[in-house]
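Chain letters run A, B, ... following the sequence lines, proteins first and then strands; every chain starts at 1. Note: hydrogens, waters and symmetry copies are ignored here, and every other heavy atom, side chains too, is used.
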Amino acid sequence: MSLTQGVPDTAAGQPDFDGVWRNPRGIWRSLSVVSHKPVGSRFMITAGLFFLVGGIEALLMRVQLARPENRFLDAQTYNDLFTMHGTTMMFLFVVPFIEGLATYLLPVQLGARDQPFPRFNAFNYWCYLFGGVLLYSSFAAAAVPDAGWFAYVPLSSNPYSPGPGMDFWLWGLALVELSGIGAAVEILVLTLRMRAPGMSLARMPVFAWAMLTASGLIVLAFTPLLVATSMLEFDRLLGATFFVAEHGGSPLLWQHLFWIFGHPEVYIMFLPAAGIVSQVVQVHARQRLIGYPFVVLAFVLTAVISLGLWVHHMFTTGLPPLTMSFFTAASMTIAIASGIQVLAWVATIWLGRPRFTVAMMFVVGFIVTFVAGGITGVMVASVPFDQQVHDTFFVVAHFHYVLIGGVVFPLFAALYHWLPKMIGRRLHQRPGVVVFALVFVGFHLTFFPMHLAGMWGMVRRVYTYDPDLGIGGLNLVATVGAFLLAAGVLVFVIDLVVAWRRGAPAGRDPWAGDGLEWGVPSPPPSENFSRIPVVGSRYPLWQPERDRPDRDERARGFDRAPADFRASPTTSILLAEPEAAVHLPTPTFWPLVPALGLAGTAAALIAQAYPVAVAGLVVVAVGVVGWLRRNEAERWPERSGVRVGGLPLDVHGTRAIGWWGAMATIAVLATAGGTILASYHFLQVNATVWPPAPAQRPAAALPAGLLAALVLAAAGALWLGTRAQIRRRTALAVLAVLAAAGLAAGALTVGTYAAAPPAPSRHAYDSMVLLVLVFQAALVIVALVATGLAFLRAAAGGPPGRLRLLVQVAAGYWALTAAWWALASGSLYVVLVG
Amino acid sequence: MSGAASGRGRGAARSRGRYGLASRLRSGFRGRGRRWELESIVQDSGDRSESDRLLRSLATTGATVTARSRASRLGLVLAGAALALAACGPDQSMLSPMGANASRAAGLWWLMFWIGVVVWVLVTAATLYALVRRRRDRHDPLTARRWENAPLVWGGIVLPSVVLVLLTGVSIDAMRHRDHPDASQATVVQVIGHQWWWEVRYPERDVVTANEVHVPAGRPVRLELTTADVIHSFWVPALAGKIDLVPGRSNTLSINTDRPGVYEGRCAEFCGLQHAKMRFRVVVEPESSFQDWLAAQGTSAAEPADDLAARGRQVFLSASCVYCHTIRGTAAVGSVGPDLTHLASRDTLAAGIMPNTKGHLGGWIVDPQQVKPGARMPSSDLPPDDLQALLAYLGSLA
């Protein structure tokens, strides 16, 4: 069934191909591995361990709540546990697990040999691991975060949460968020630019569509959270007043920013789950998914609408009825997108010939549970009802239906479906049925009674409750259910370990699957595809041999080749026409260094050991320089003008993977900048006095004008860079002008504020100005690094395409810097005239 | 010591607590959609347990009747179970609404519940049938069938759209009809959240109390809610939906009920260590008794009637109590903790977590950290005689 069948094995004579793709073994040396499969596995295993830890925390809480006025845990421990449980499950389990699954699986499904930026991938994993470890080291420091997983201010700010607990939370989360955004950038570029030739967007597997939309959401949602957590750390560390009502700040700003992240977060978790279900259902029902375009459109619709729902978490904060009506309507609309998907899955089962595999059982368990969770979701979108059940166990029940029923069940289905591919061995059917039965029954016993407990008056996050409430019986049932659920997970872990060691071999294709992943050995070899497949159908392996497209020379050129460096083809976005070859990196320790530096800086800031924090930043800088130097040293094929299958390696502009990576990074930075400006205007509108004193108004007009000119210059440089016939000197001259103008504008800004520097503890206005300046400085540093890289490249006499790419990227960063500063100056200037 | 005290006090709380306050008490029970009403007049505390029993038995009977009729009509095991559970729940829940706002929410709930049951049963039945149905043809999985997308369009888009538009309309309508009494007509009560207790003020009459909100029956009440520290949320399930107390904001909530009674409330937004023990009660009483109560609360503290109480006052004023508490008419004007001017008139202690008896009060004063760890009140080491005098004085502050 291989898609590359019939191709003469001419290239097999070159022994180096396997050597190039071979990854080092051994505990120490394997830390240098950057390939997507080992890194994806690490993500999944680490996330799985955090899932077990979060589960144990849940069990402890359930024991405490088993009967009224229980004294198993004290209030402090209980508050620690629910904070860590929520944080762990949201940030350390679900999202990293899904990203790990996608990191492992997507390149195999899409016909690529690796992720677009494998070293960055490894860096993301280290950031995630260190962030999680940092968060959990709060137990060792006896300062466990205890303000809940959404950390509402002012409870989470200094006066009410003194001590380092919330700092562990903020810094641990910052690292994890960074990793999440990074993994999303990888997936965006991978799905858009690295699919196998012929796999047009319309032929892309549904899971890839789900990951594409979810990754877009991560960029748009995690970034505001990163800004929000930074602002809270400003408040805690520097005494800023973003969220302090007496000083012009607003506690509601935190809620807005948190839920602008928090609601899309639900769909960041659910969309991949829906993608998984769509793929599992079509293989195990032996029927292509009914309504593929409907499902894909539903994903996109879900992603778009999910950005406009966040206020339904704030229906009890006293917002105007008109605002709430809008968000009620939006919240109801998103249910339609879910309805389409559910009907598509049911229709697929209906028209297919379902097999009663464990994966299928979890799909069915998912449908009945998720629909129930969706129904209660529609209920809480209704304002008068929500004002009753908000912050009660009804809501706890609702979101566990959606998150366990809607996400964890599909993840189980994914594991039963794809683990044979990953570990090369089958999981056992009978223990699997036991797992499903325990998990399904345990889940409903745990969470169904919580609906009632909530309506009877049990509020969230209470370490004990009054016997008079009459909810003791419900809670006892829930506790019993939780232990059944845990038993199911335990059986799964045991079965997995046993299967891994001595399960029956899975073979290539245990399920007669439709996708490319079933055409390669289990587990897939390091390079996934020794011959790049050419795809002619949405279900490539189900397509009859005779209908499959020919593999032209562009694909054949990659047959066990190149043999002296790692490479994979890149294709056009829409139709997946081969455009170029991308040079992929070999194992290196460098990504570990900046991640260690960042973790060290964060730990030092928590411990308030500022010199150590500076040392950590130095480690980051050394790591980045080492990483970039190695990157350039590896570029010899580009320098020597090598082509693979007739496809060029040394490309620039939209044909270069690096350009897309830079654009994604610019999108992240722009989202962060937008969040900052939106926060500025939110506070401005809500404050009684803004700014606090007229004397503090900056002469913002001048820098703004200068920077507008800079925008034009940047755009010009970008244009010059994109032109094919640019002279190296001209490009560098323009870049130098840009850098000079950028530095001059920075100096001017500093000069404007030098006389009266913003005092963040005085007023939220000063805090905002400080944040604007810090962010601007960060943009300038990024742009300067990109500029420096272009100049170093030019001095070393590099390949022309790559130099052009670096100029384009640097110009892009300058354009962003200038555009954002012009907008920010505008915001500050509005104060002057207004 | 106070642990045992709190255990002993539990029974007293139950009999005194729920129906024990007003001299005339009218109470009702409302089961889903239908309504059983009971009026009983209780003369004094001796009859309280009787009324309690009567109310409970009526509630149970009514619930069973409805549960049975509904369940047999639809024959839905799950819905029946849910109903039976919901119906035999406590009568202080959002499902037994006693106020206008809570009634609208409960009405919405039952509408959405039944729609939800129908949707869930349809989807589940379709899924299970799809799994087991007999297949006649062996269709090629890749070939498209005519009308295969029809269920998606009708069942996934059209039908949900109709239902959701309806629900959106109904819930927005219910929200718009929320009472918003203007300050000129309604009784205004200010509620200020503290970690972990409630300050209650009646600005028109200069009355300050704690953890007990007295309101007149049959007259709109406008609550103005602010916070002294972190975010709290004011929730009385039987009367109205919750509203948050947010720093820098003043939120309002309307309570409108003609049913006298004592309604349990609690803080719903996590507010720190003792969030679980931040309760309160709303006492709805007839206009005349409300006015009497208001007048009594407006007075300064009673002068000690005997020597023991007089000594108790001396103990109070010379101990650290005065730094945090106010007793109007004395030199104590602290504002950190609850106003104690009429402490003895209140039903509960420490934000609704135990009955206001001498034993509990003593236990609380000696070691509050045992009862409510993290509470702002420090332990005291008063000599036994001083403590007895203090308790006598505080007990006289009716």
Side-chain angles (χ1 to χ4, degrees), chain A residues 75-76 79 148 152 154-155 160 245 250-252 286-288 290-291 294 316-318 321 324-325 328-329 332 335-336 339-340 342-344 346-347 349-351 353-354 364 367-368 371-372 375 379 382-385 387-388 390-391 452 455-457 459 461-464 468-470 539 542, chain B residues 14 85-86 89-90 92-95 104-105 108-109 112 116 119-120 123-124 126-127 130-131 135 141-142 145 148-149 151-152 155-157 160-161 164 167-168 171-172 174-176 229-231 233 237 241-244 246-249 251 266 268-276 373-374:
Chain A
Q76 183 61 50
N79 295 352
Y152 273 5
L155 185 62
Y160 303 102
S250 165
L252 287 191
R286 291 175 281 193
Q287 160 69 46
R288 100 201 126 73
I290 300 296
F294 287 88
T316 64
T317 56
M324 295 199 283
S325 303
T328 293
M332 299 262 183
I336 296 172
I340 296 171
V342 170
L343 266 283
V346 175
I349 299 174
W350 189 293
L351 292 177
R353 291 179 297 126
V364 173
I367 291 177
V368 300
V371 168
I375 288 167
M379 291 177 179
S382 163
V383 175
F385 180 70
Q387 286 171 339
Q388 282 284 15
H390 179 78
D391 271 332
L452 282 167
M455 287 194 288
W456 289 358
V459 296
R461 300 174 162 183
V462 286
Y463 70 95
T464 190
D468 280 4
L469 271 178
Y539 319 96
W542 285 354
Chain B
R14 206 169 290 159
L85 278 167
Q92 288 272 337
S93 89
M94 59 162 286
L95 298 176
R104 268 189 289 275
L108 264 178
W109 153 252
M112 295 192 293
V119 169
W120 188 84
V123 174
T124 303
T127 310
L131 271 176
R135 268 94 180 156
L142 288 184
R145 272 163 275 209
E148 67 174 18
N149 287 333
L152 270 68
I157 301 175
S161 300
L164 291 169
L167 281 184
T168 308
S171 68
I172 289 178
M175 180 175 68
R176 287 167 56 87
D229 38 52
V230 301
I231 299 176
S233 190
K242 60 184 71 64
I243 187 87
D244 294 352
V246 184
R249 289 176 70 95
N251 280 332
R266 52 191 66 84
E269 182 63 68
F270 179 63
C271 57
L273 193 61
Q274 286 298 343
H275 163 59

pair A:Leu155-B:Ile231: side-chain heavy atoms closer than 4.5 Å: no
Report yes if the side chains of A:Tyr463 and B:His275 come closer than 4.5 Å at any heavy-atom pair, otherwise no. no
Does the side chain of B:Val123 reach to within under 4.5 Å of the side chain of A:Val368, using non-hydrogen atoms? no
Chain B heavy atoms under 4.5 Å from A:Val346: which part of the residue, side chain, backbone, both or neither? both
Do B:Asp244 and A:Thr317 meet the criterion of a side-chain donor-acceptor pair at a distance under 3.5 Å? no
Contact leader toward chain B among A:Gly339, A:Pro354, A:Ala372, where contacts are heavy-atom pairs under 4.5 Å: A:Pro354
Heavy-atom pairs under 4.5 Å with chain A - which of B:Val119, B:Leu152, B:Thr127 has more of them than the others? B:Leu152
Residue B:Leu164 versus chain A: region with a heavy atom under 4.5 Å: both
Taking A:Trp350's backbone N and O only, do any of them form a donor-acceptor pair with B:Arg135's side chain (distance below 3.5 Å, no angle check)? yes
Correct closest heavy-atom pair for A:Gly457 and B:Arg266 would be O-NH1, 3.1 Å
Would you check if the side chain of B:Arg249 reaches a backbone N or O of A:Gly318 as a donor-acceptor pair within less than 3.5 Å? yes
Minimal heavy-atom distance between A:Pro384 and B:Ala105, with the atoms involved, is O-CB, 3.5 Å
In terms of heavy-atom proximity below 4.5 Å to chain B, should A:Pro154 be classed as side chain, backbone, both, or neither? both
Can you tell me how far CG of B:Asn149 sits from CD1 of A:Ile290, rounded to the nearest 0.5 angstrom? 7.0 Å
Let me know if A:Ile349 has heavy atoms under 4.5 Å from chain B in its side chain, its backbone, both or neither. both
Most contacts with chain A, counted as non-hydrogen pairs under 4.5 angstrom, among B:Pro160, B:Ser161, B:Gly248, B:Gly374: B:Ser161
Within the side chain of B:Lys242, is there an N or O that forms a donor-acceptor pair under 3.5 Å with the backbone of A:Thr316? no
What closest approach, in Å, do A:Arg288 and B:Leu142 show between heavy atoms, and which atom pair accounts for it? NE-O, 3.3 Å
Let me know if A:Tyr152 has heavy atoms under 4.5 Å from chain B in its side chain, its backbone, both or neither. side chain
Do B:Leu108 and A:Gln388 touch side chain to side chain, with heavy atoms closer than 4.5 Å? no
So which of B:Ser233, B:Ala130, B:Pro237 has the largest heavy-atom pair count under 4.5 angstrom toward chain A? B:Ala130
So, the part of A:Arg353 with a heavy atom under 4.5 Å from chain B: the answer is both
For the CG atom of A:Leu469 and the CD atom of B:Gln92, what is their distance to the nearest 0.5 Å? 9.0 Å
If every non-hydrogen atom of A:Leu343 is compared with every non-hydrogen atom of B:Gly155, which pair is closest and at what distance? CG-C, 3.8 Å
Cut-off 4.5 Å, heavy atoms of chain B, and the answer for A:Ala344 is both
In the structure I gave you, are the side-chain heavy atoms of A:Val371 and B:Thr124 within less than 4.5 Å of one another anywhere? no
Counting only heavy atoms closer than 4.5 Å, note whether B:Asn251 contacts chain A via side chain, backbone, both or neither. side chain
Name the region of B:Arg145, side chain, backbone, both or neither, that has any atom closer than 4.5 Å to a heavy atom of chain A. both
Determine whether A:Met455 and B:Trp109 satisfy the following criterion, side chain to side chain contact (heavy atoms under 4.5 Å, CB included), listing intermediate values before the conclusion. CA-CA 10 Å; A:Met455 287 194 288; B:Trp109 153 252; 3.5 Å; yes
Shortest non-hydrogen contact between B:Ser171 and A:Ser382, atoms and distance: CB-OG, 2.9 Å
Going by heavy atoms in the side chains, are A:Val459 and B:Phe270 under 4.5 Å from each other? no
Just by modelled atom types, is the B:Leu273 backbone N or O under 3.5 Å from a matching donor or acceptor in the A:Gln76 side chain? no
If one checks every heavy atom of B:Ile172 against chain A at 4.5 Å, the contacting part turns out to be side chain
Of all heavy-atom pairs between A:Pro321 and B:Met175, which one has the smallest distance, and what is that distance? O-CE, 3.4 Å
